[in-house]
**Q** 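Quick one: this structure, given as structure tokens, is what I'll be asking you about.
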Amino acid sequence: MAEAAKWYVVHTYSGYENTVKATIEKTIETRHLQDLIHVVSIPMETVTEITDNGPKTYDRKVYPGYVLVKMIMSDEAWYIIKNVRGVTGFVGSGTKPTPLTEEEVLQLGVEKHEIVVGYAEGDNVKINDGPLTNFVGVVEMVDIEKNKVRVIVSMFGRETPVELELDQVELADE
């Protein structure tokens, strides 16, 4: 199969997300469909609630009623997922499921693309994207989890902090 796997959104009854995920994963295992259906995911976020008894941390579903599936769309894969108890259908127009775009996948955070930066705090960097392209500044802070870097740029004789994405700057030639 030359076709690449894409992410699809499966709509479920509310509260059935974990059951649907477990059933799909078990079906993949018993029918040996690992090459067709790659990943089943329920986007979760960690929430910390401050109560009278102190902070309480728990995970909650970001999109209740939805399960994300990375798969190669075929009649067999569509049929297997569509007939899982608790699934109401795929998200898409009519009967044809619509795959998520790269931007949507990154926004949902289901696939992490590891970014390796060639600079650290205190390094001189050159901005290579955005309205401040070709400006040179000093890295003040790097936050890999949030994909952010704060650079101090000298504009009009003043030091100005600018927050950018990690790939918008590169190490400056000394």
Side-chain angles (χ1 to χ4, degrees), residues 1-120 128-130 141-149 163-170:
M1 298 228 172
E3 192 181 345
K6 293 186 170 77
W7 284 97
Y8 293 89
V9 181
V10 177
H11 190 264
T12 68
Y13 293 126
S14 188
Y16 274 74
E17 302 89 357
N18 295 333
T19 306
V20 167
K21 179 181 186 216
T23 305
I24 293 171
E25 287 173 342
K26 188 169 182 170
T27 305
I28 292 167
E29 198 175 304
T30 57
R31 293 194 184 184
H32 305 289
L33 298 171
Q34 290 86 350
D35 57 331
L36 209 56
I37 303 170
H38 299 251
V39 183
V40 183
S41 173
I42 302 170
M44 303 288 269
E45 66 183 350
T46 303
V47 178
T48 303
E49 207 174 273
I50 307 299
T51 62
D52 295 338
N53 302 334
K56 187 174 110 181
T57 303
Y58 59 93
D59 289 335
R60 83 170 166 206
K61 294 173 183 79
V62 179
Y63 304 104
Y66 295 96
V67 174
L68 302 175
V69 181
K70 185 175 187 176
M71 61 189 236
I72 297 170
M73 185 52 73
S74 68
D75 290 341
E76 182 184 12
W78 179 87
Y79 182 81
I80 287 167
I81 293 190
K82 182 84 172 87
N83 289 301
V84 168
R85 185 170 177 261
V87 170
T88 59
F90 282 91
V91 172
S93 58
T95 57
K96 188 177 188 312
T98 306
L100 295 172
T101 62
E102 279 295 316
E103 293 81 35
E104 290 169 330
V105 170
L106 287 172
Q107 237 176 358
L108 293 172
V110 288
E111 272 188 0
K112 298 286 185 203
H113 295 286
E114 192 169 319
I115 297 174
V116 179
V117 292
Y119 50 85
N128 59 20
D129 186 32
M141 181 265 318
V142 177
D143 189 344
I144 292 178
E145 267 102 46
K146 291 183 180 172
N147 192 34
K148 297 283 180 205
V149 59
E163 200 161 284
L164 302 159
E165 292 188 5
L166 293 174
D167 60 350
Q168 288 184 295
V169 297
E170 60 191 29

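Given the structure is predicted, the values throughout are model-derived calculations rather than measurements.
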**Q** Could you walk me through whether Ile37 and Val69 pass the side chain to side chain contact (heavy atoms under 4.5 Å, CB included) check?
**A** CA-CA 7 Å; Ile37 303 170; Val69 181; 3.8 Å; yes
**Q** Using a 3.5 Å distance criterion without hydrogens, assess whether the side chain of Glu104 forms a donor-acceptor pair with backbone atoms of Thr101.
**A**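 Yes; at least one donor-acceptor contact below 3.5 Å.
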**Q** Could you check if a side-chain atom of Lys6 sits within less than 4.5 angstrom of a side-chain atom of Leu100, using non-hydrogen atoms only?
**A**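 Answer no - side chains too far apart.
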**Q** What heavy-atom pair brings Pro64 and Val62 nearest, and what distance separates the two atoms?
**A**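 It is CD-O, 3.5 Å.
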**Q** Verify side chain to side chain contact (heavy atoms under 4.5 Å, CB included) between Ile42 and Lys61, making sure each step is shown before the conclusion.
**A** CA-CA 7 Å; Ile42 302 170; Lys61 294 173 183 79; 3.9 Å; yes
**Q** Does atom OH of Tyr79 have more than 12 heavy-atom neighbours, drawn from other residues, nucleotides or ligands, at distances under 6.0 Å?
**A**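 No, because the 6.0 Å sphere around OH of Tyr79 holds 12 heavy atoms or fewer from other groups.
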**Q** For Lys26, does the NZ atom have more than 12 heavy-atom neighbours from other residues, nucleotides or ligands under 6.0 Å away?
**A**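 No, the 6.0 Å shell around NZ holds no more than 12 heavy atoms from other groups.
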**Q** Would Ile80 and Leu33 count as a side chain to side chain contact (heavy atoms under 4.5 Å, CB included) here? Give the steps.
**A** CA-CA 10 Å; Ile80 287 167; Leu33 298 171; 3.1 Å; yes
**Q** Quick check on the 6.0 Å ring-centre criterion: do Tyr66 and Tyr63 meet it?
**A**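 No, ring centres 6.0 Å or more apart.
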**Q** Counting distance only, does the side-chain N/O of Glu17 pair as donor-acceptor with the main-chain N or O of Val67 below 3.5 Å?
**A**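 Not a single qualifying donor-acceptor pair exists.
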**Q** Measuring from Glu163:CD to Asp143:CG, what's the distance to the nearest 0.5 Å?
**A**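 Rounded to the nearest 0.5 Å, the CD-CG separation comes out at 8.5 Å.
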**Q** Taking everything shown except Asp75 itself, do over 12 heavy atoms lie less than 6.0 Å from its CG?
**A**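 Atom CG in Asp75 is not crowded, with 12 or fewer foreign heavy atoms closer than 6.0 Å.
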**Q** Could you walk me through whether Met71 and Ile81 pass the side chain to side chain contact (heavy atoms under 4.5 Å, CB included) test, one step at a time?
**A** CA-CA 10 Å; Met71 61 189 236; Ile81 293 190; 3.4 Å; yes
**Q** Does any N or O in the side chain of Thr23 come within less than 3.5 Å of the main-chain N or O of Val84, such that one atom is a donor and the other an acceptor?
**A**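 Checked: no pair found.
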**Q** Count the heavy atoms of every other residue, nucleotide or ligand shown that sit under 6.0 Å from OH of Tyr16, and state whether that count exceeds 12.
**A**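 Atom OH in Tyr16 is not packed in, count stays at 12 or less.
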**Q** Holding to side-chain contact (heavy atoms from CB on, under 4.5 Å), I want the full list of residues that pass it with Pro97, two or more places apart in sequence or in another chain.
**A**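 So Pro97 forms a side-chain contact (heavy atoms from CB on, under 4.5 Å) with Tyr8, Met73, Trp78, Phe90.
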**Q** Can you establish whether the number of heavy atoms outside Glu29 located under 6.0 Å from its atom CD is more than 12?
**A**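 No.
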**Q** Can you tell me if Thr88 uses its side chain to pair, donor with acceptor, with the backbone of His11 under 3.5 Å?
**A**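 Here the side-chain-to-backbone pair exists.
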